[in-house]
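What follows is a set of notes on a single structure, which appears directly below.
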Amino acid sequence: MTTAPLTAAARPSRATAEPWPVRVLLLGVAGVFLGLFLVLPLVAVFAQALENGLAAYGAALVDPDARGAIGLTMLTAAIVLPLNVVFGVAAAWAIAKFEFRGKSLLLTLIDLPFAVSPVISGLIYVLLFGAQGWLGPWLAAHGIKVIFAVPGIVLATLFVTCPLVARELIPLMQSQGTEEEEAALVLGARGGQVFWRVTLPNIKWGLLYGAILCNARAMGEFGAVSVVSGHIRGLTNTLTLHVEILYNEYNFAGAFAVASLLTLLALVTLGAKQLVEWRTRRGGRAERAAEAAPAGGIP
Amino acid sequence: MCKRPLTWMMAAVAAVAAGGVSLVRAQAPATQPAAPTSAPVVAPARDATLLNVSYDPTRELYAEVNAAFARFCQETTGATVRVKQSHGGSGKQARAVIDGLEADVVTLALAFDVDAIAEKSGLIAKDWQQRLPHNSTPYTSTIVFLVRKGNPKGVKDWDDLVRPGVTVITPNPKTSGGARWNYLAAWGSARHKYGSDAAAREFVTKLYRNVPVLDSGARGSTTTFVQRGLGDVLLAWENEALLAQAQLGPDKVELVSPSESILAEPPVAVVDKVVDRRGTRTAAEAYLRFLYEPAGQEIAAKHYYRPRLPEVAAKYADRFKPLKLFTVDAEFGGWAKAHAEHFADGATFDQIYEPGR
């Protein structure tokens, strides 16, 4: 444990050994790049949003259609996120901890949504559930609406976001290997116990990170949702689609106001991730230090 | 809900009173509408929610029509009628209705798209265009040019669009209704001027060589021209051009009317199978008829669509320059023929358009 602070302290001293012009140059390049491609656009979004003052900004956000879009985006994320967490953990657990036939096929299938353009993902559902699609007539006969309604939007979002959690967890779980699980099994733990007590605590950071990515993508998805939405105002418009509508209606301040909301959501998620990571790193260190003392005494 | 008997009584009264009289908040005199089959609008007696699936530039128009129609229903029968809107490229919207978007009414850019719904899905009866006056088009428009302030390239008529060095912005006729009107307007006027289809084809080929980018819808093209500052001329719906001018101010763009253009007729239709299933036929029919009433016509004119009612047209005469206009039916033998010859896969447009040239 004592080596960790040492290496951490040693690394910066080696970096500062570089001649100062190199350091300034490198920092400068990184700073300019970040400023131009990240900070400036972010500032532009907020500047444009507040162009007509705070009142117009607020009005754009409390407009009934905007509220409908916010609600729908939240609802979609709220449904998609838990499903993807369950699917991601299950898939990663199966792939990283077990050997079975067709494993590489399963991996390829999980990656499929990444390989397919979001627009195509949307079209798949139109072809499947649309009135002229395979299941369309049956659905219509039973009064079930999938496409151009909320279920279609949730399905399309689910499709494009489903690899995110699994893809985050698989390399992590593979690098951790199966030794700890085997040890637990040898000590008499049952399958469920192994998962809850050993596997899950080990992957919680990867899982959180995957969930954050998944949430960001679910709220920001445009292409797939655009195809299945039908663009009914206040009913099937998500935040991203609402931004497009406002922009096309010459309501630029309104469009950027709603866009700034999405940006804020992203910033808050990233901030939350940083905070939790920092907290646990501190907590984890204290925990391990506390564990180390009695562990030395027991044998 | 609790006022049901009252509602019914009011419906009976409204049936007598509705035709124009109660709607004349507009200052047009309470004459009967001049339209051939126009019976007075009967407001629906029951509450209803309608979905109007429309094309790109009608957003502002229908936002106001919907509010006025809701008021009209509330005042005459007490029914609460809400109309929801969906907008996009006309062809794309027709496709969505075919694929199951539950539209009670469609208000699209051209008859061909409504025909497509009727043929591919059977949701609309084939004779839809005869069911409402004026080929089921309550308002019309035409195709004009929008140029930058001061008209720096001196664009006055169609011929100026094919000059080298003039860039033209128009959407993709494969996906946009407005773009098809643009294309046919150019073709028809070239044929009148040069006398043959071959000459018209050459003219349109040259014109599309001056087009740097094809957006998928009319509104996308307007934003390309206005916001991104691309192009010298925007080929646009007259209503879209007038709206852009009003929104952005005359110090940015100017409208140029060519010597001749096309009469653009964006039609409206009730989607039979949907309204029968949802029980919204009365409301949907009243909604479309409302567009022909003085109040509806007034709103259309306000949003830069050419009204059909002579009184309203006279009132807004200074807005719409009288133009020599030809129709699709007379010039191209109807939309089905025009589509097969020009816009179908492998037809004229595919032959003449070379991307990136």
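Chain letters run A, B, ... following the sequence lines, proteins first, then strands; residues in each count from 1.
Among all heavy-atom pairs drawn from D99(B) and Q132(A), the shortest one is OD1-CG, 3.9 Å. Scanning all heavy atoms of the two residues, the minimum distance from R219(B) to N248(A) falls at NH1-O, 2.6 Å.
The environment of R82(B) atom CZ is sparse: at most 12 non-hydrogen atoms of other residues, nucleotides or ligands sit within 6.0 angstrom. Within a 6.0 Å sphere centred on NZ of K120(B), heavy atoms belonging to other residues, nucleotides or ligands number 12 at most.
For the atom pair CD (E244(A)) and OG1 (T223(B)), the distance works out to 9.5 Å, reported to the nearest 0.5 Å. Rounded to the nearest 0.5 angstrom, L51(B) CG and R233(A) CZ are separated by 11.0 Å. Atom CG of N251(A) and atom CZ of R59(B) lie 11.5 Å apart (nearest 0.5 Å). Here S86(B) contributes atom OG and L235(A) contributes atom CG; the two are 10.5 Å apart, rounded to the nearest 0.5 Å.
Using a 4.5 Å cut-off between heavy atoms, L123(B) does not touch chain A at all. Interface remark: A244(B) contributes backbone and side-chain atoms alike to the contact with chain A (heavy atom separation under 4.5 Å).
Along residues 215-231 of chain A, the residues that come nearer than 4.5 angstrom to chain B, judged on non-hydrogen atoms, are G230(A), H231(A) in order of number. Heavy-atom proximity under 4.5 angstrom to chain B picks out K145(A), F148(A) from residues 138-163 of chain A.
When H87(B), Q227(B), E60(B), R277(B) are compared by the number of non-hydrogen pairs under 4.5 Å with chain A, Q227(B) comes out ahead.
The backbone N or O of I232(A) lies less than 3.5 Å from no partner atom in the side chain of Q85(B), so there is not a single donor-acceptor pair.
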